[in-house]
Number of protein chains: 2
Amino acid sequence: MGITRKQEIIQIASRLFKERGYSAVSMRDIAQALDIKAASLYNHISGKQEILATLIIEVGEEFTSQMSQVMTASLNPIEKIEKVIEMHIDVTVNFPDNIATLNNDWMHLEGIALNRVVKMREDYEENFRKIIKLGISEGNIKSQHPEVILFSILSTLRTLYLWNEKRGKMDVNVLKKDMVSVLINGII
Amino acid sequence: MGITRKQEIIQIASRLFKERGYSAVSMRDIAQALDIKAASLYNHISGKQEILATLIIEVGEEFTSQMSQVMTASLNPIEKIEKVIEMHIDVTVNFPDNIATLNNDWMHLEGIALNRVVKMREDYEENFRKIIKLGISEGNIKSQHPEVILFSILSTLRTLYLWNEKRGKMDVNVLKKDMVSVLINGII
DNA sequence: TCACAAAACTAACGATTGTTAGTTAGAATT
DNA sequence: AATTCTAACTAACAATCGTTAGTTTTGTGA
């Protein structure tokens, strides 16, 4: 048993959403990419919203689960940040299209799904913030405005997907090592 | 003479584009925000595309012009990177909505405008890359893969607009100082 | 006060949107 | 062999899209 038709639809849709954005992709576009008619999609999914919600929640839960593993690990703050960076690179490699949609189209979610995703993101940021603040109070991290540190690292990690193709033949482990070095030690 | 009606339309549109994206904002939405009918917009602009193109090219030219000033200044590579960071913060403060649209909706440009903007972005990145490579060869910058450095700094700067509201009462000059410190010296 | 230009309006166009209803061909199950 | 299930299809819907044409209102300068 390979992947279901439903998964196939969501996969193709995520690719199109990544390129053009949720609003610019029609159900007919998605159907055409699968070489079927738009109405046939509804044998597998309830609507465009379900595609969006499934896509986003899938990768959102991956981040949540991985972050909670990092939080409970017995590591010092700097080591935890390193883990978060490495984890982010792994998730980006495994879900590049989902991440694009999570970043750019979360606001087109409706109802409970929207609340849920917003809360997931807030919790994620709050966990990251805790690590940074602890690192500062313990003296491992320079005493800088924590929000600046949080934002700098997080925005680099979040937009990794944009750069992942250009990265080309660069090995994932090399990328992790360089990324950790640049984000933690700076460039000089 | 304050701003023209055309500028007013573009301003309102950029705010809506920032929140929902170009494709999810209709001409009727823009008109409603101005308390007029959609057809009335066409007394001032030729169409939705003109709004998008004007918006994006405006801020694109600002970046191009400021970057070329940095390139010709007699500064060492590290000082140039500092200037680029500060410049990016200034442009973000002055054009927060344009930047959101440049980042997220450039692919919806059509015809010459699309080519032009893609070229502007490529040139911008190439200039930044030159600074970094020179810094590495001169020994001012750690010998790391230049693309990792370029990408880390640039993605932080490009998504500053997302964070600019949360920044709240944080003074622009403090932000510049902290940002330069984090991006160049790291967090430890 | 009159003329003119600017900027709004109403009405409508053809195209496209997400979605539903009902049907059909073929495969799997009984 | 008969039945059920799966997954496609055609046709159509109401709503909305960007845009155009033609008309009316509004404000300004002569």
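Side chains are part of it too, since the values below use all heavy atoms of this structure and drop only hydrogens, waters and symmetry mates. Just so it is clear: chains get the letters A, B, ... in the order the sequence lines come, proteins before strands, and each one is counted from 1.
One interatomic measurement links the two molecules: CD1 of Ile36(B) to C1' of dC9(C), which rounds to 10 Å at whole-angstrom precision. In this structure, the OH atom of Tyr42(A) is 17 Å from the P atom of dG22(C), given to the nearest Å. Rounded to an integer number of Å, the gap from CZ of Arg28(A) to P of dT20(C) is 13 Å. Remark: P of dT19(D) and CG of Leu52(B) are 12 Å apart, rounded to the nearest angstrom. Computed from coordinates, the Gln32(A) CD to dT17(C) C1' distance equals 15 Å when rounded to whole Å. Atom CD1 of Ile30(B) and atom P of dT16(D) are 17 Å apart (whole Å). In this entry the distance linking CD of Glu8(A) with P of dT6(D) reads 17 Å, nearest Å. If you measure from atom NZ of Lys37(B) to atom P of dC17(D), you get 14 Å, rounded to the nearest angstrom.
Residue His44(B) places at least one side-chain N or O closer than 4.0 Å to OP1 or OP2 of dA8(C). Taking 4.0 angstrom as the limit, Ser26(A) places a side-chain polar atom (N or O) nearer than this to OP1 or OP2 of dT17(C). The phosphate of dA7(D) (OP1 or OP2) has no side-chain N or O of Ser40(A) nearer than 4.0 angstrom. Listed pair Arg5(A) / dA8(D) meets the phosphate criterion, a side-chain N or O lying under 4.0 Å from OP1 or OP2.
Comparing atom distances between the Ala39(B) side chain and each of dG18(C), dG18(D), dA11(C) picks out dA11(C) as nearest.
At a threshold of 4.0 Å, the pair Arg129(A)-Glu147(A) counts as salt-bridged, since one of the basic side-chain nitrogens sits closer than that to a carboxylate oxygen. Using a 4.0 Å cut-off between a side-chain N of Lys or Arg and a carboxylate O of Asp or Glu, Glu138(A) and Lys80(A) do not qualify as a salt bridge. The existence of a salt bridge linking Arg116(B) and Glu122(B) is excluded, since no basic side-chain nitrogen approaches an acidic carboxylate oxygen closer than 4.0 Å. Between Asp171(B) and Lys176(B) there is no salt bridge, since no side-chain nitrogen of the basic residue lies less than 4.0 Å from a carboxylate oxygen of the acidic one. Salt bridge status for Glu86(A) with Lys177(A): absent, with no side-chain N to carboxylate O gap under 4.0 Å.
In this model, no side-chain donor or acceptor of Asn43(B) finds a partner on the base of dA6(C) within 3.5 Å.
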